[in-house]
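First up is the structure itself, then whatever we jot down about it.
A, B, ... follow the sequence lines: proteins, then strands. Residue 1 opens every chain.
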Amino acid sequence: MSRGESFRRILHHLPLVVWLWLLWMLLWGSTSAVVLIGGLLLAGAGAMIFPLPTVLPGVVPRPLWIGALLFHLLADLVRSGVTVAWAAVRHGGRTRSAIMEVPLHVDNDVLITVVAEITTIAPGTVVIEIDRRRRRLYVHTLPVRDLRTIVRRKKETQDLERRVARSVGHRHGPPGRGPRPDPPSDPPPDPPPDPPFDPPSDPTGGTPPDHRGRRR
Amino acid sequence: MTVLRDVVTAVLFLTGACFCLLGAVGLLRFRDTVSRLHAASKAQTLGLLLILVGAAVHRPLGEAPVLLLVALFQLFNAPITSQIVGRTAYRTHAVDRRRLFVDELADRLARDGTPLHEQGGLTPDKEEGGNPDDTDR
């Protein structure tokens with residue numbers, strides 16, 4: 001192994017080592033020499049014994065967009081707490097809910113995980129199923145008054161996805177590829193009792209995108 | 001200064017406790033498991049975070065990082081838990097279908113040829129959240 005290659009490998013593990021080291025110090029709550037050196041040794045050993053694969057090849061974190069994402073996250077947290085508390089007090093067991101399908105554009109394990117996590121924190125939505133192969137989230141929504149709410153929540157989730165993709169400089173998939181989002185057509189003002197909300201324009205559910213041999 | 005800090009902490013503590021209480025109310029009042037997850041994962045998290053901020057305001061600055069760590073792990077782990085619980089609840093018929101406006105996951109599963117009622121889940125349970133008529137769909 002050449003010297004440059006081993007250096008690159010060390011550099012690759014550096015963020016993990018630093019995070020583990022920091023965590024160690026925070027948990028001990030001190031910065032004495034024993035904690036510092038022991039933590040560094042342990043972090044290095046952990047990163048060496050359990051080498052993790054590169055999960056996000058070729059991304060550039062963008063601090064400003066990450067800041068925007070965190071700001072939205074905190075705002076969402078407050079809004080969602082208020083929303084669900086109000087629904088619990090006001091409607092209780094009579095609250096209507098829905099399970100909606102949200103097509104995603106990003107095609108990366110980590111990004112989909114992050115989108116799913118933040119969707120659960122966002123107001124009124126809890127992810128209950130992730131279809132990795134088709135890149136879809138199935139989201140339980142509450143409270144739902146009419147189809148308009150569902151359309152709005154879907155759009156919010158996709159906006160969230162855009163923010164996540166932007167914060168790591170990830171390119172959105174080209175428009176011709178993969179499942180398309182549902183057309184943002186205005187829902188009928190008076191929805192029929194059991195409307196076919198997802199028009200079966202693609203009866204096979206969209207051909208599964210070429211997922212390059214990833215596990216499902 | 002101390003008075004101001006006390007007031008801020010008191011307000012944050014009380015608001016946080018209120019949200020925790022409301023989360024518990026939601027846990028009691030919502031009918032099915034997935035709706036209860038909303039109360040447990042959102043109102044509860046917000047309440048905890050407010051209490052942590054209140055504590056951070058009142059304690060010496062050196063203790064703030066540990067509180068931040070608590071908040072961080074709560075934010076990481078609550079969604080993961082609720083996704084697993086929600087998925088299991090859906091697959092074991094613990095979702096109250098009479099309250100569902102649309103269910104696009106059921107449509108998807110039916111289109112895939114694996115409708116829910118054919119999968120070997122638990123039988124509709126007898127507890128409060130169970131729904132005896134969901135095998136009709």
Side-chain angles (χ1 to χ4, degrees), chain A residues 22-23 25-27 29 73-74 77-78 80-89 91-101 113 116-131 134 136 138 140-142 144-147 149-150 191 194-198 200 203-205, chain B residues 18-19 21-32 34-47 49-50 62-63 65-66 68-69 75-91 95-96 98-109 111-112 128:
Chain A
L22 204 66
L23 193 63
M25 283 190 280
L26 285 180
L27 287 177
L73 182 70
L74 287 182
L77 208 77
V78 175
S80 64
V82 173
T83 310
V84 75
W86 173 248
V89 171
H91 300 292
R94 287 175 294 112
T95 312
R96 307 276 323 253
S97 53
I99 295 176
M100 62 185 194
E101 178 183 86
T113 310
E117 281 235 357
I118 304 183
T119 302
T120 299
I121 295 175
T125 47
V126 165
V127 175
I128 61 166
E129 177 84 54
I130 303 171
D131 189 338
R134 293 201 185 94
R136 277 149 206 243
Y138 291 89
H140 187 266
T141 311
L142 170 154
V144 171
R145 247 194 311 269
D146 49 15
L147 281 182
T149 321
I150 299 177
D194 191 12
F197 179 68
D198 185 9
T204 61
Chain B
C18 270
F19 273 108
L21 177 68
L22 287 173
V25 169
L27 218 57
L28 281 176
R29 290 199 63 185
F30 286 140
R31 288 275 172 75
D32 60 347
V34 185
S35 302
R36 286 175 178 157
L37 277 181
H38 282 266
S41 72
K42 291 167 199 287
Q44 196 72 23
T45 304
L46 181 60
L49 288 189
L50 287 173
E63 296 178 14
V66 182
L68 185 72
L69 219 55
L75 282 178
F76 276 150
N77 294 342
I80 297 171
T81 321
S82 40
Q83 197 258 322
I84 296 297
V85 174
R87 185 175 194 277
T88 312
Y90 187 85
R91 303 274 168 161
V95 174
D96 188 356
R98 287 163 301 185
R99 296 274 146 215
L100 279 186
F101 204 78
V102 290
D103 184 356
E104 292 176 341
L105 182 52
D107 301 347
R108 157 69 53 205
L109 290 175
R111 256 180 281 158
D112 280 352
E128 197 190 347

Under 3.5 Å, is there a donor-acceptor pair between the side chain of [X] and the main chain of [Y]?
X	Y	answer
B:Y90	B:A106	yes
B:S41	B:A78	no
B:R36	B:L27	yes
B:R29	A:A88	yes

Considering only heavy atoms, which portion of [X] lies under 4.5 Å from any heavy atom of chain B: side chain, backbone, both, or neither?
X	value
A:R145	backbone
A:I130	both
A:A122	backbone

Could you check if a side-chain atom of [X] sits within less than 4.5 angstrom of a side-chain atom of [Y], using non-hydrogen atoms only?
X	Y	value
B:R31	A:T95	no
A:E129	B:R108	no
B:H38	A:S80	no

Looking at [options], which makes the most heavy-atom pairs under 4.5 Å with chain B?
options	result
A:L73, A:L27, A:V82	A:V82
A:T83, A:V89, A:I99, A:I121	A:I99
A:T141, A:L23, A:T119, A:T125	A:T125
A:A116, A:S97, A:P123	A:S97

Original post:
So which heavy atom on A:V84 is nearest to which on B:K42, and how close?
Top reply: CG1-CB, 4.0 Å
Only pairs of heavy atoms separated by less than 4.5 Å count here; which of [options] has the most with chain A?
options	value
B:A43, B:G23, B:G26	B:A43
B:L21, B:T45, B:L22, B:L46	B:L46
B:V34, B:V25, B:V66	B:V34

Subject >> Part of B:L105 lying under 4.5 Å from any heavy atom of chain A >> reply: both
